[in-house]
Amino acid sequence: MDSNDIKQLIETKLPGVAALVESDDNVHFAAIVIGTLFNGMPPLKRHQAVYQALGDKVGREIHALSLQTHTPAEWEEKTGTGTR
């Protein structure tokens with residue numbers, strides 16, 4: 001798997017989210033996932049939703065995943081930009 005594969009998987013399984021995924025070695029990944037589905041959701045539940053979307057690939061093709069999850073408002077506040 002590469003970064004684009006993971007991005008597509010997250011965005012397919014969690015409609016309405018935007019995922020930014022990077023990796024230097026296609027084994028260790030960093031992802032930022034932004035979506036309204038995270039509104040009112042605590043951080044642990046957000047991470048669980050993303051891990052559920054990735055299924056059994058975590059621990060296999062995805063050896064490690066650094067994950068940030070934000071609502072669009074949180075992302076805009078953090079970066080001063082939109083999601084796309």
Side-chain angles (χ1 to χ4, degrees):
M1 296 197 82
D2 64 21
S3 297
N4 192 54
D5 294 330
I6 293 171
K7 171 185 171 54
Q8 293 299 325
L9 188 57
I10 292 169
E11 291 179 349
T12 299
K13 298 281 186 163
L14 300 173
V17 305
L20 311 166
V21 182
E22 296 181 341
S23 175
D24 291 331
D25 60 7
N26 287 333
V27 177
H28 301 87
F29 297 89
I32 299 170
V33 184
I34 305 151
T36 56
L37 87 108
F38 297 137
N39 287 339
M41 193 182 285
L44 178 61
K45 293 289 185 189
R46 294 176 182 195
H47 285 218
Q48 288 173 335
V50 175
Y51 280 110
Q52 184 175 12
L54 296 171
D56 64 359
K57 291 174 179 17
V58 176
R60 294 180 185 186
E61 293 99 328
I62 303 168
H63 180 72
L65 177 65
S66 170
L67 183 58
Q68 294 181 44
T69 55
H70 303 281
T71 66
E74 291 167 346
W75 183 248
E76 187 171 343
E77 183 178 317
K78 180 178 179 146
T79 65
T81 63
T83 57
R84 300 208 185 228

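- Inter-residue side-chain proximity for Ile32 and Val21 is flagged as unmet; no heavy-atom pair is nearer than 4.5 Å.
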task: Kindly indicate, with the supporting measurements, whether the criterion side-chain contact (heavy atoms from CB on, under 4.5 Å) is fulfilled by Val17 and Ile34.
output: CA-CA 5 Å; Val17 305; Ile34 305 151; over 6 Å; no
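- Between Lys57 and Leu9, the closest heavy-atom pair is CD-CD2, 3.7 Å.
- Note: His70 and Trp75 have tilted aromatic rings, judged against thresholds of 30 and 60 degrees for the angle between ring planes.
- Shortest non-hydrogen contact noted between Met1 and Asp5 is CA-OD2, 3.4 Å.
- Between the side chains of Lys13 and Gln8, no donor-acceptor pair of N or O atoms lies under 3.5 Å.
- Under the 4.5 Å side-chain criterion, counting only non-hydrogen atoms from C-beta, Asp24 is not in contact with Phe29.
- Residues Ala53 and Leu14 share a closest heavy-atom pair of CB-CG, 4.0 Å.
- Residue Gln52 qualifies as open at atom CD: its count of foreign heavy atoms under 6.0 Å is 12 or below.
- Residues Leu67 and Tyr51 are in side-chain contact: their nearest non-hydrogen atoms beyond the backbone lie under 4.5 Å apart.
- Atom-to-atom distance recorded for Asp2:CG and Glu22:CD is 13.0 Å, nearest 0.5 angstrom.
- Within 6.0 Å of atom NE2 in His63, 12 or fewer heavy atoms from other residues, nucleotides or ligands are found, so the atom counts as exposed in its surroundings.
- Rounding to the nearest 0.5 Å gives a distance of 9.0 Å between OG1 of Thr69 and CE of Met41.
- Residues Pro72 and Thr36 are in side-chain contact: their nearest non-hydrogen atoms beyond the backbone lie under 4.5 Å apart.
- Here the options are Lys78, His47, Glu74, Arg46, the test is side-chain hydrogen bond (donor to acceptor under 3.5 Å, both in side chains), and the partner is Gln68; only Lys78 passes.
- Using a 4.0 Å cut-off between charged side-chain N and carboxylate O, Glu11 and Lys7 make a salt bridge.
- Annotation: side chain of Ile10 is in contact with side chain of Ile6 (closest heavy-atom distance under 4.5 Å).
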